[in-house]
Amino acid sequence: MKQSSKLAFTGLICALSLVIMFLGGIIPSATIALPALAGCILIPIVAELGVKWGITAFLAVSVLSFFIVTDKEALLIYVLFFGYYPAIYGMFDKIKSSIVKMVLKLILFNAAAIGEFYLTIYVLFIPFETIEGLGVFAPFAPIILLLLANVVFIIYDKALKGLIIMYFQKFHKQALKILK
């Protein structure tokens, strides 16, 4: 496989991922969904070229997003989790125990989610507004939201697995033809 083919393939996919990240400024309600989608777009790079290329693509999209993405919270979400997670997803498959695998994934996700929460408040100065509808539970809003985020992450993780399987079933052969 030629180096130029690898670079062109990676560049095109990175450009698509960057466009999706840019849409965060246009669709502000998609602060979490667009970074998740932008990360999933990098799956073909990891599948065809390996984790190193996937991480390099993630870094390239992260740096370029810093300059063109107006939704900095979406950028943080991408950089702290959704951008690199699809690239390292396969590393978790080496762990035999499904319970240990899920616990490690949840630890990684929670570290990223808590880090994003504090960076959003103290670096980006976006205030955390308590959810009024929770009444007496309002002080526990961050914990409640984190628990809900964990449920959403588990669904995302299963969907990502399905997306990777679908990629190999439907697009892997075409990608190999392009890369030759």
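Computed from a predicted model, the values in this text were never measured in an experiment.
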Validation: residues 76-86 side-chain donor-acceptor distances under 3.5 Å, sequence neighbours left out:
unit_1, atom_1, unit_2, atom_2, d
Y84, OH, L80, O, 2.8
Y85, OH, D157, OD1, 2.4

Test side-chain contact (heavy atoms from CB on, under 4.5 Å) applied to V61 and I41, step by step: CA-CA 11 Å; V61 172; I41 296 296; over 6 Å; no
Distance in Å, K158 NZ paired with M102 CE, rounded so as to fall on 0.5 Å steps: 4.5 Å
Transitive ILVMFWY side-chain link F153 to M91, under 4.5 Å: yes
Contact summary for T56 and K52, nearest pair of heavy atoms: OG1-O, 2.8 Å
Worked check of side-chain contact (heavy atoms from CB on, under 4.5 Å) between L119 and L124: CA-CA 7 Å; L119 286 171; L124 297 180; over 6 Å; no
I99 atom CD1, over 12 foreign heavy atoms within 6.0 Å: no
Closest non-hydrogen atom pair between A74 and P35, with its separation: O-CG, 3.4 Å
Counterpart residues, side chain to side chain donor-acceptor pair (under 3.5 Å), relative to E73 (two or more places apart): none
NZ-OH distance between K105 and Y89, expressed to the nearest 0.5 angstrom: 4.0 Å
Indicate every side-chain donor-acceptor pair of residues 16-32 with a distance under 3.5 Å to a residue at least two apart or in another chain.
unit_1, atom_1, unit_2, atom_2, d
S17, OG, A38, O, 2.8
T31, OG1, P28, O, 2.9
T31, OG1, D71, OD2, 3.0

From CZ (F92) to OG (S98), nearest 0.5 Å: 14.0 Å
Linked, directly or transitively: V152 and L146 (ILVMFWY side chains, under 4.5 Å): no
Pairwise distance CZ(F109) to CD(E116) - rounded to 0.5 angstrom: 9.5 Å
Heavy-atom pair of closest approach, residues I55 and A87: CD1-CB, 3.8 Å
Heavy-atom neighbours of F66 CZ exceed 12 at 6.0 Å: no
hydrophobic_cluster_shared for I114 and V151, side chain cutoff 4.5 Å: no
Under 3.5 Å: donor-acceptor pair, side chain of K170, backbone of I165: no
Heavy-atom check, side chain of C40 versus side chain of Y156, under 4.5 Å: yes
Trace of the side-chain contact (heavy atoms from CB on, under 4.5 Å) decision for W53 with L7: CA-CA 9 Å; W53 280 85; L7 285 170; 4.0 Å; yes
I178 side, atom CD1; K173 side, atom NZ - distance, nearest 0.5 Å: 14.5 Å
With N110, the side chain to side chain contact (heavy atoms under 4.5 Å, CB included) member among I107, L108, L106: L106
Donor-acceptor contact below 3.5 Å, side chain K96 vs main chain D93: no
Contact summary for S62 and L75, nearest pair of heavy atoms: O-CD1, 3.9 Å
Transitive ILVMFWY side-chain link L42 to V63, under 4.5 Å: yes
For the student: nearest non-hydrogen atoms of I95 and K101, plus distance: O-CE, 3.4 Å
hydrophobic_cluster_shared for L179 and L12, side chain cutoff 4.5 Å: no
Closest non-hydrogen atom pair, G54 against V46: CA-CG2, 3.7 Å
Chi angles and distances behind the side-chain contact (heavy atoms from CB on, under 4.5 Å) call for F171, E48: CA-CA 11 Å; F171 302 108; E48 305 305 335; over 6 Å; no
